[in-house]
Amino acid sequence: MDTEGQAGPSLTPGRLGEILAALGGRIEDTDQVVELLQKAVDLAHDIIPGADSCGVTIDFDGSTYTATYTDLLTLKVDRHQYDAGAGPCLQASRTGESVVVDCTDRDDRWPDFTDAARAEGILSVLASPIRTLDGVIGSFNLYGLRDHAFDDIDTDVLEGITTTVGRAIGEHTRYSDAASAVRALREAMEQRAPIEQARGIMMAMDGVDAEAAFAALSDEAQRRGLRVRDVAAEFVQRTSTGRNDPDDRSE
């Protein structure tokens, strides 16, 4: 990846459309929402050259937290904003408008934040709101280690990602209120361990990649009408007791 250029020269509109189509898809449960968000932050990190750290902030109904992220630096920069109750990611979420900040200059809107960001090595920020059928529920945040890392093309690319993510989440939550969906999302994040354990076992046993392992767990969950984390926990239990056939579904 060319870290000096922006997304535009190597990422055509057609290719971006293909990537976003692959990112979207039918969401059956909240565990799949978390997976979608993680795929989205990894995607942004890969295709937007200035995006050294990426994350998704959920900011809705009095609840503010980081749902998925690429690294611990993301969490640190997010925390500066959450503690202050202000910053570009919260601004994007609460106004519904994308925000670009160059931290090399002291921003009069958030002088304490830009000072804190520079102390963490972050010189550029791009935040875009995530809209669902119930409105904006948070923001998608990119942090760059160099100044002026983001331009209008990067903003357009990120808004394409957030639109795809928001549509998928909105379709999943259309039968429940947004506040309940946000609470369920946090619960899914906190109970992610069985999924990661099962995925690791399947990758080692079957030689599949992480995406294929999660897809297998999701298919089984849908077939049996269970949550992905419950299927994953059963699989981990089976393998830990020597019943290591992933196709054993006798329960």
Do [X] and [Y] have side-chain heavy atoms sitting under 4.5 Å apart?
{"X": "Ile130", "Y": "Ser139", "answer": "no"}
{"X": "Leu126", "Y": "Asn141", "answer": "no"}
{"X": "Ile161", "Y": "Phe140", "answer": "yes"}
{"X": "Leu145", "Y": "Leu73", "answer": "yes"}
{"X": "Tyr65", "Y": "Thr57", "answer": "no"}
{"X": "Gln38", "Y": "Val41", "answer": "yes"}
{"X": "Leu123", "Y": "His148", "answer": "no"}
{"X": "Ile169", "Y": "Ile137", "answer": "yes"}

Consider only side-chain heavy atoms of I, L, V, M, F, W and Y, link residues closer than 4.5 Å, and tell whether [X] and [Y] are in one cluster.
{"X": "Leu75", "Y": "Ile58", "value": "no"}
{"X": "Phe150", "Y": "Val157", "value": "yes"}
{"X": "Trp110", "Y": "Val100", "value": "no"}
{"X": "Leu158", "Y": "Ile47", "value": "yes"}
{"X": "Val101", "Y": "Tyr82", "value": "no"}

From [X] [atom1] over to [Y] [atom2], what is the distance, rounded to the nearest 0.5 angstrom?
{"X": "Thr114", "Y": "His80", "atom1": "OG1", "atom2": "NE2", "answer": "11.5 Å"}
{"X": "Ile48", "Y": "Cys54", "atom1": "CD1", "atom2": "SG", "answer": "7.0 Å"}
{"X": "Leu226", "Y": "Asp31", "atom1": "CG", "atom2": "CG", "answer": "11.0 Å"}
{"X": "Tyr69", "Y": "Lys76", "atom1": "OH", "atom2": "NZ", "answer": "12.5 Å"}

Looking only at heavy atoms, what is the nearest atom pair of [X] and [Y], with distance?
{"X": "Arg131", "Y": "Glu97", "answer": "NH2-N, 4.4 Å"}
{"X": "Ser124", "Y": "Asp102", "answer": "OG-OD1, 3.6 Å"}
{"X": "Ser128", "Y": "Ser98", "answer": "OG-OG, 3.3 Å"}
{"X": "Gly85", "Y": "Arg94", "answer": "O-NH1, 3.4 Å"}
{"X": "Leu37", "Y": "Ala67", "answer": "CD1-CB, 4.0 Å"}
{"X": "Val136", "Y": "Ser93", "answer": "CG1-O, 3.1 Å"}

Requested in this report: I would like to know whether Glu234 and Arg224 meet salt bridge (charged side-chain N to carboxylate O under 4.0 Å, His left out); could you show each step before the answer?
Outcome: CA-CA 12 Å; Glu234 286 185 3; Arg224 298 174 59 194; 2.8 Å; yes

Requested in this report: Check the surroundings of atom CD in Glu196: do more than 12 heavy atoms from other residues, nucleotides or ligands lie under 6.0 Å from it?
Outcome: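 It does: Glu196 CD has more than 12 such atoms within range.
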
Query raised in the report: How about Asp209: does its CG atom have over 12 heavy atoms from other parts shown lying under 6.0 Å from it?
Result: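 Yes.
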
Please check if the side chain of [X] supplies one atom and the backbone of [Y] the other of a donor-acceptor pair under 3.5 Å.
{"X": "Thr164", "Y": "Gly160", "result": "yes"}
{"X": "Gln91", "Y": "Ala86", "result": "no"}
{"X": "Thr132", "Y": "Gly135", "result": "yes"}
{"X": "Ser63", "Y": "Asp59", "result": "no"}
{"X": "Gln81", "Y": "Cys89", "result": "yes"}

Query - Trace of the side-chain contact (heavy atoms from CB on, under 4.5 Å) decision for Val125 with Leu142 - result: CA-CA 6 Å; Val125 180; Leu142 310 183; over 6 Å; no

Report task. Could you give me the CA-CA distance, side-chain angles and deciding distance for Val56 and Thr66, then say whether side-chain contact (heavy atoms from CB on, under 4.5 Å) is met? Result -> CA-CA 6 Å; Val56 167; Thr66 302; over 6 Å; no

Requested in this report: State plainly whether the residues Glu187 and Arg227 are in salt-bridge range, i.e. N to O under 4.0 Å.
Outcome: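 A salt bridge links Glu187 with Arg227.
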
Query raised in the report: Do Glu35 and Lys39 meet the salt-bridge criterion of a basic N to acidic O distance under 4.0 Å?
Result: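 Salt bridge: no.
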
Query raised in the report: Pick one: which of Asp78, Thr74, Asp52 meets side chain to side chain donor-acceptor pair (under 3.5 Å) with Tyr143?
Result: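 Answer after filtering Asp78, Thr74, Asp52: Asp78.
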
Requested in this report: Take Leu217 and Met202 through the side-chain contact (heavy atoms from CB on, under 4.5 Å) test and state the conclusion after the steps.
Outcome: CA-CA 10 Å; Leu217 293 170; Met202 294 174 73; 3.9 Å; yes

